[in-house]
S.K.: 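Have a look at this one before I ask anything.
Chain identifiers are assigned alphabetically (A, B, ...) following the order of the sequence lines, protein sequences preceding nucleic acid strands; residue numbering begins at 1 within each chain.
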Amino acid sequence: MGRIFAVTILVIAIGSAIPILRHTWWMPQDISTHGAPIDEQMSETMAEAGICFLASQILLAAFIWKFSNPKPDSKIKTFPGGASGLVIAAFLLVGTEVLALGAFGAKAWAKIYFTPAAANALPVQAQAGQFAFYFRYPGPDGKFGPIHPDMVSEANQNFYGIDINNDQDAKDDIVTAEMAIPVNREVNLLMHSKDVGHSFFVPELRVQQDFVPGLDVAIHFTATKIGRYEIVCTQLCGLGHYNMKAYLSVMSQQDYDDWLKKEAALQ
Amino acid sequence: MATTVHDPPKSGTDQKHPALTTTGNGNRGGVLPGGGNLREVKRYSPPPASTGIWVGIAAIAMTFAAFTSALIVRKGSSNDWQPFTLPIILYLNSALLLASSVTLEVGRRRVAAFMAGVKTHRARPARWLYVTLTLGVFFVAGQYAAWKQLRAQGVFLATNPSSSFFYLLTAVHALHVLGGLAGLLLVIGRLRSCVLRRSTLDIASRYWHFMDVLWFYLLLLLWMTL
Amino acid sequence: MHDMSAQAVQHHAPPTSFIGKHVFSLDHKVIGKQYYALALVAVVIGMVLSWLMRIHLAWPSAKIPLLHYLSANGAAGNVMTPEYYLQLMTMHGTIMVFFVLTTAPFAAFGNYFLPIQVGAEDMPFPHFNMMSFWVTFVSFLVMIASFFVGDGPTLGGWTQYAPLSAIGPASGPGQGMGVVLWASSIAIFCVGQLLGSLNFITTTLDMRTRGMSLWRLPLTAWAWFITSVMGLTAFAVLMPACILLILDHVAGTSFFVASNLVISDQVQPHSGGSTLLWQHLFWFFGHPEVYIAIVPGMGIVSHVLITNMRRPLLSHRVMVYSMGALAVLSYMVYGHHMFVSGMNPFSSLAFSFPTLIITIPSTIVVLIWLGSLYGSKLRINSASLFSLGFISMFISGGVSGFFLAQPSIDIMLHATYFVVGHFHLVMAVAAIFGIFAGTYFWFPKMTGRMMNETLGKIHFWLSFVGAYCIFMPFHYLGLAGNVRRYQAFVDDYLQPLLPVHKFITVAALVTGAAQLVFLYNLVYSRFRGERAADNPWQATSLEWSTPTTPPPFDNFGGQHPVVYHDPYQFGIEASTGDYVMQNSPEEIHTVRDEE
């Protein structure tokens, strides 16, 4: 039975690896400017993790095959190099591997989080609330009107609680249910939550960031490919969590301007 | 039985048998038994109650460490923290608690001497334990008085995060002090029935002193942040 | 100077009444069995919950027979509502993590065997020990009660992130009473764990019999000791967190709820609280908790495999140091659950380094096992199969940790099925396999009967293959971006993944059914199993040297064993065969010294 088990482990290990090698299920195509290091990091890690996975499962299988159900008079043998060899191997090989991954990954992370948004980045506000995303554009004055929580009303479709009568800056704000951005233009997304924790995830854009109630969080990114992508909520927010999504449309600058005008008219 | 039964080793060979050698002093009271030599085989173990009370103290310390970090984070996360003056009675309570530690330590030594059969002309050693108990009860009553005073000023648990932490920390501490009082009652009861073990006396004292130390830490924390 | 027999142990007389023997027992062995029974009930409930979840995920509008009896609101017409899915999911996670994975490997087997393995009569504080079980039991009742109140259990996941968990009923069904019951149950659970840890630590440090130095402790004893230290510090932080959560609910405080939150057009009455505070407190507990779930399993696997390989590990000390290193590092990594949480991105990097480094002791542990298999005389039986299965599962689950440890990659994998696959492989499979290995190995000692080997092997094969069929695909789903905690998959990009979910559901139901083989084997063998010898595995540690099987009330029949040898003297020539028991005075010629 030991040998059958060894073969089973081998089959499972190799079988599990096949969909990975063939990218049967994989990340969607990257449409961001910061995503390449992330994808590279993913591939690097997949290669190293894959080697560790296969090597250790194969060793496990091999040793079970060889040493199970032994003859009664066989002698116990010690692994060459003993424990010290293995410990040194672990420290050196795994140690360097993880430090390398850590260092390169840190660079990828720093590129996203430690570089400030460009001065001319397009500011867009995103508000997450049970169970929808709403977006706000500042309009021609470039300023967002203040948010009045007591004026937030789903019933009146005043999702942001803005006071167009008394706040000058709010008069030209554009609130939409869909997010549109121009291609190849950096966007500064200003995120806040209306109620509980939510998250903004667009796999193609290589962006995932939680909305934190009480905190204003800003992330910036640039989309490089025109298309329509789904924004999904990834932080459990209640019964409608599974259904909480919006669309991100990446458009040409012209199309975006047209869209914005249309949305402004609908306010 | 699967094992072969052998004659037990003769007592004369005990000392030479590698299993039973003892080296060093056994590191009385140290953290690691055997003086840190994990190969050593001790012939003496500290009473488990002694280790046990340290374990309990560690757990309580961790709990208050968590409350402390919650306080610090909560204070820094928003600008709604409103400090208030600590009721003066708190300082009186602190003095009472400190005094109770002193009386407890005196009492503990005298009771220990009494239990060890040291002849003494001194008064009944349990007296000091009773004094400690009384001071402890006054401490808890004083804490309650502090709460009443704050409530009279309109400062309640939910009034402000600062008051939330004040009530929370003092109440949780007071609860643990009540536990300490129960321990002292147990010690006094066993002493009177002449079934008190030395370890019980020691650990009840250690716990009580820890309550004292913990209180002064909390007082400092509240004084600095409130 | 006085030795063990004069210790201030509470020598308690054997109980005579039924209640004293089986209900309110001070005997650590009974307490261990009580914990095992609790874990068994909990795992059945947790597993049934997982079936309900999986059926709903594959067929969201399916009518599940009898479900409306569990909740008229949550399953009107036997069709599960979206909120009820989340409520069942929350209970599944909570019950499994707390009442199965923290209870069985540590409290059940540890309570039973730690005192025996160190050569003691019982734990030093039997009353606290008994209390620890009953407190845990009360905690379980409070948790189960939430199924039957108002609008049901909380739906916020076992992680109960604020402010969803702290705002109150406005944020969803089950978020009023459900949360209060959850938090109360967990706070009570923490007390039980602290009482348990107290006993484990003092037993290991103070109750060892003559000759039992720390390095002569079996690896299970080390694992339980390390786990109990982790438990002490971790649960001591979870309890304050739950108290603060309860206060936010019932006392109008705002520890976790920020200002100006609006639900249903109402501004919520809280202000100034910190959302991230809950996460920091929870994960400071949460990460050591998962090592609490796995380290006893590592001890059990080592212990079982050594006996079945007929040789000690390549290095006993390295295994101990590695388990210790895992425990220490586990406190430094908790922020890897919060990489994209909105905390300072620099903190994310800071947490990722210890997280990457913790792969080193994990690797060493696996390599030591593999290196010990080399040249061994491996016996294949149910216990050793589950131990080897543990190693395979731990490799698989551990390797996905490489990804999740890096914040840049976590951007793509956080809150996806990749994470769910990772933790199920290490916890739901590896840790459970550790429990199975322990059960098959120690059943003879606990009951005096052997479990049926054929049934054990059937159980193993179905579970091993089944578990891979269930959880390996989770990683693929995660890579494709499949978000977790969704009760149905309505997004466009998720549609192509639905067939994978159906496959997983079928695998889950089959693997679940296979567990009935184990349950049957347990019950059948308890009453009709073949009688076991005192030491059926020819093992060396003290539990196999008790004068009777099951052990007598005071474990060693009034004698205190004397220990002469290191714990795993195998592969030597002795009068008993290729091994010598720890308490055997026989001197052996090729002493296998741990380096």
S.K.: Just give me the residue among A/T45, A/V94, A/N243 that pairs up with chain C most often, heavy atom to heavy atom, under 4.5 Å.
M.R.: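 Top option by heavy-atom pairs under 4.5 Å: A/T45.
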
S.K.: Can you tell me which of C/T81, C/I411, C/V500, C/L349 forms the most heavy-atom pairs within a distance under 4.5 Å of chain A?
M.R.: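 Of the options given, most contacts go to C/I411.
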
S.K.: Give the minimum heavy-atom separation between A/Q208 and C/D410, together with the two atoms involved.
M.R.: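 Here A/Q208 and C/D410 meet closest at NE2-O, 4.0 Å.
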
S.K.: Quick check on A/K111 against chain C: is it the side chain, the backbone, both or neither that has a heavy atom closer than 4.5 Å?
M.R.: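 No part of A/K111 comes within 4.5 Å of chain C.
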
S.K.: Heavy-atom pairs under 4.5 Å with chain A - which of C/I263, C/I409, C/T416 has more of them than the others?
M.R.: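 Highest number of heavy-atom pairs under 4.5 Å: C/I409.
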
S.K.: For the residue pair C/L164 and A/Q235, establish whether any side-chain heavy-atom pair is separated by less than 4.5 Å.
M.R.: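 Counting from C-beta outward, C/L164 and A/Q235 never come under 4.5 Å.
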
S.K.: Please confirm whether the backbone N or O of C/P345 pairs with a side-chain atom of A/W109, one donor and one acceptor, at under 3.5 Å?
M.R.: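 Here the side-chain-to-backbone pair exists.
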
S.K.: Look at C/V490, C/I395, C/T159, C/I364 and state which one has the largest set of heavy-atom pairs under 4.5 Å with chain A.
M.R.: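 Option with the top pair count is C/I395.
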
S.K.: In terms of heavy-atom proximity below 4.5 Å to chain C, should A/V207 be classed as side chain, backbone, both, or neither?
M.R.: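 Contact with chain C: backbone only.
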
S.K.: Taking it one step at a time, do A/F5 and C/F464 satisfy ring-ring contact (aromatic ring centres under 6.0 Å, His included)?
M.R.: CA-CA 10 Å; A/F5 185 37; C/F464 185 74; 5.1 Å; yes

S.K.: Report which part of A/F211 has an atom under 4.5 Å of a heavy atom belonging to chain C: side chain, backbone, both, or neither.
M.R.: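 No part of A/F211 comes within 4.5 Å of chain C.
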
S.K.: So what's closer than 4.5 Å to chain C heavy atoms on A/L86: side chain, backbone, both or neither?
M.R.: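 For A/L86, the contact with chain C is made by backbone and side chain together.
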
S.K.: Side chain from CB out, backbone as N, CA, C, O: work out which of these in A/K107 comes under 4.5 Å of a heavy atom of chain C, or both, or neither.
M.R.: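 Neither part; nothing is under 4.5 Å.
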
S.K.: Could you tell me which portion of A/A155 (side chain, backbone, both or neither) has an atom closer than 4.5 angstrom to a non-hydrogen atom of chain C?
M.R.: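 For A/A155, backbone and side chain are both near chain C.
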
S.K.: When you compare the side chain of C/F346 with that of A/F114, does any pair of heavy atoms fall below 4.5 Å?
M.R.: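 Side-chain contact under 4.5 Å: yes.
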
S.K.: Give a yes or no on whether the backbone of C/V340 and the side-chain of A/Q209 come within a donor-acceptor separation of less than 3.5 Å.
M.R.: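 Yes; at least one donor-acceptor contact below 3.5 Å.
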
S.K.: Taking all non-hydrogen atoms of both residues, which atom of C/L86 and which atom of A/L239 are closest, and how far apart?
M.R.: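 Looking at all heavy atoms of both residues, the shortest contact is CD1-CA, 3.8 Å.
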
S.K.: Quick one: do A/I38 and C/M412 satisfy side chain to side chain contact (heavy atoms under 4.5 Å, CB included)? Show the steps, please.
M.R.: CA-CA 9 Å; A/I38 292 179; C/M412 299 308 293; 4.0 Å; yes

S.K.: Determine the option with the most heavy-atom pairs under 4.5 angstrom with chain C, choosing from A/F63, A/F91, A/F104.
M.R.: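 Result: the option with the highest number of such pairs is A/F63.
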
S.K.: What part of A/I112 lies closer than 4.5 angstrom to a heavy atom of chain C: side chain, backbone, both or neither?
M.R.: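 For A/I112, side-chain heavy atoms alone lie under 4.5 Å from chain C.
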
S.K.: Does A/K66 have more than 12 heavy atoms from other residues, nucleotides or ligands lying within 6.0 Å of its NZ?
M.R.: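 No, because the 6.0 Å sphere around NZ of A/K66 holds 12 heavy atoms or fewer from other groups.
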
S.K.: Between C/F403 and A/M46, is there a side-chain heavy-atom distance shorter than 4.5 Å?
M.R.: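 Yes, close enough: below the 4.5 Å cut-off.
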
S.K.: Taking side chain as everything from C-beta outward and backbone as N, CA, C, O, which of these in A/Y247 sits under 4.5 Å from a heavy atom of chain C? Side chain, backbone, both or neither.
M.R.: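 It is the side chain, since no backbone atom gets that close.
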
S.K.: Can the ring centroids of C/F489 and A/Y242 be said to lie less than 6.0 angstrom from one another?
M.R.: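 Ring centroids of C/F489 and A/Y242 are no less than 6.0 Å from each other.
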
S.K.: How long is the span from the CG atom in A/D150 to the CD atom in C/Q266, to the nearest 0.5 Å?
M.R.: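 The CD atom of C/Q266 is 11.0 Å from CG of A/D150, to the nearest 0.5 Å.
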
S.K.: What heavy-atom pair brings A/K71 and C/K377 nearest, and what distance separates the two atoms?
M.R.: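 Taking A/K71 first and C/K377 second, the nearest heavy atoms are O-CE, 3.9 Å.
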
S.K.: Distance from A/T234 atom OG1 to C/H414 atom NE2, nearest 0.5 Å?
M.R.: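 It is 5.5 Å, given to the nearest 0.5 Å.
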
S.K.: Just so I understand: if I count every heavy-atom pair under 4.5 Å between each of C/E83, C/R484, C/Q487 and chain A, which residue has the most?
M.R.: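 Looking at each of C/E83, C/R484, C/Q487 in turn, C/Q487 comes out on top.
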
S.K.: What option among C/V262, C/L370, C/I368, C/N260 has the most heavy-atom pairs under 4.5 Å with chain A?
M.R.: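 So the answer, after comparing C/V262, C/L370, C/I368, C/N260, is C/V262.
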
S.K.: Side chain, backbone, both or neither: which part of A/S74 has a non-hydrogen atom closer than 4.5 Å to chain C?
M.R.: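 Both parts, heavy atoms under 4.5 Å.
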
S.K.: Is there side-chain contact between A/T78 and C/L314, with at least one heavy-atom pair below 4.5 Å?
M.R.: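 SC-SC contact between A/T78 and C/L314 confirmed.
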
S.K.: Given heavy-atom pairs under 4.5 angstrom as the criterion, report whether the side chain, backbone, both or neither of A/I219 touches chain C.
M.R.: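 Neither part, no heavy atoms under 4.5 Å.
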
S.K.: Tell me which one of C/Y486, C/Y161, C/Y85 satisfies ring pair (Phe, Tyr, Trp, His ring centres under 6.0 Å) with A/H241.
M.R.: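 Answer after filtering C/Y486, C/Y161, C/Y85: C/Y486.
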
S.K.: What part of A/L236 gets within 4.5 angstrom of chain C, counting heavy atoms only: side chain, backbone, both, or neither?
M.R.: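 It is both, since atoms from each part get that close.
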
S.K.: Enter the distance from A/I231:CD1 to C/D491:CG here, rounded to the nearest 0.5 Å.
M.R.: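 CG of C/D491 is found 11.0 Å from CD1 of A/I231.
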
S.K.: Examine whether an atom of A/E97 lies under 4.5 Å from a heavy atom of chain C, and if so say whether it belongs to the side chain, the backbone or both; otherwise answer neither.
M.R.: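 Just its side chain gets close to chain C.
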
S.K.: Within a strict 4.5 Å, meaning less than it, do heavy atoms of the C/Y493 and A/V232 side chains meet?
M.R.: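 They are in side-chain contact.
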
S.K.: For a 4.5 angstrom cut-off between non-hydrogen side-chain atoms, does C/L479 reach A/M42?
M.R.: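 A side-chain contact under 4.5 Å exists here.
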
S.K.: Set out, in order, the CA-CA distance, both residues' side-chain angles and the distance that settles side chain to side chain contact (heavy atoms under 4.5 Å, CB included) for C/L477 and A/W25, then state yes or no.
M.R.: CA-CA 7 Å; C/L477 291 173; A/W25 294 282; 5.8 Å; no

S.K.: Looking at A/C52, A/A90, A/A49, which has the largest count of heavy-atom pairs under 4.5 Å with chain C?
M.R.: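 Highest number of pairs under 4.5 Å: A/A49.
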
S.K.: If only atom types and distance count, is the side chain of A/S153 paired as donor or acceptor with the main-chain N or O of C/D265 below 3.5 Å?
M.R.: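 Absent.
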
S.K.: Which of the residues C/S348, C/G157, C/G273 is involved in the greatest number of heavy-atom pairs with chain A at under 4.5 angstrom?
M.R.: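 Looking at each of C/S348, C/G157, C/G273 in turn, C/S348 comes out on top.
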
S.K.: So, A/Q130 versus C/S171: side-chain donor-acceptor pair below 3.5 Å or not?
M.R.: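 No, C/S171 and A/Q130 have no side-chain donor paired with an acceptor closer than 3.5 Å.
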
S.K.: Side chains of A/P80 and C/Y374, heavy atoms from C-beta outward: is any pair under 4.5 Å?
M.R.: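 The answer is yes; the side chains approach within 4.5 Å.
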
S.K.: Among A/P19, A/G161, A/G2, A/G105, which residue has the highest count of heavy-atom pairs closer than 4.5 Å to chain C?
M.R.: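 The candidate making the most pairs under 4.5 Å is A/P19.
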
S.K.: With a 4.5 angstrom heavy-atom cut-off, is it the side chain or the backbone of A/P37 that approaches chain C, or both, or neither?
M.R.: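 Looking at A/P37, nothing touches chain C.
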
S.K.: Any side-chain heavy-atom pair from A/K194 and C/L261 closer than 4.5 angstrom?
M.R.: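 No, side chains not in contact.
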
S.K.: Are side-chain N/O atoms of C/S396 and A/Q57 paired as donor and acceptor at under 3.5 Å?
M.R.: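 Yes, side-chain donor-acceptor contact under 3.5 Å.
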
S.K.: A/Y229 vs C/D492, test: side-chain hydrogen bond (donor to acceptor under 3.5 Å, both in side chains). Steps then yes/no.
M.R.: CA-CA 9 Å; A/Y229 310 99; C/D492 306 334; over 6 Å; no

S.K.: In terms of heavy-atom proximity below 4.5 Å to chain C, should A/E230 be classed as side chain, backbone, both, or neither?
M.R.: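 For A/E230, the contact with chain C is made by the side chain alone.
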
S.K.: Going through the checks in order, is the side chain to side chain contact (heavy atoms under 4.5 Å, CB included) test met by A/V98 and C/F402?
M.R.: CA-CA 8 Å; A/V98 299; C/F402 274 112; 3.6 Å; yes

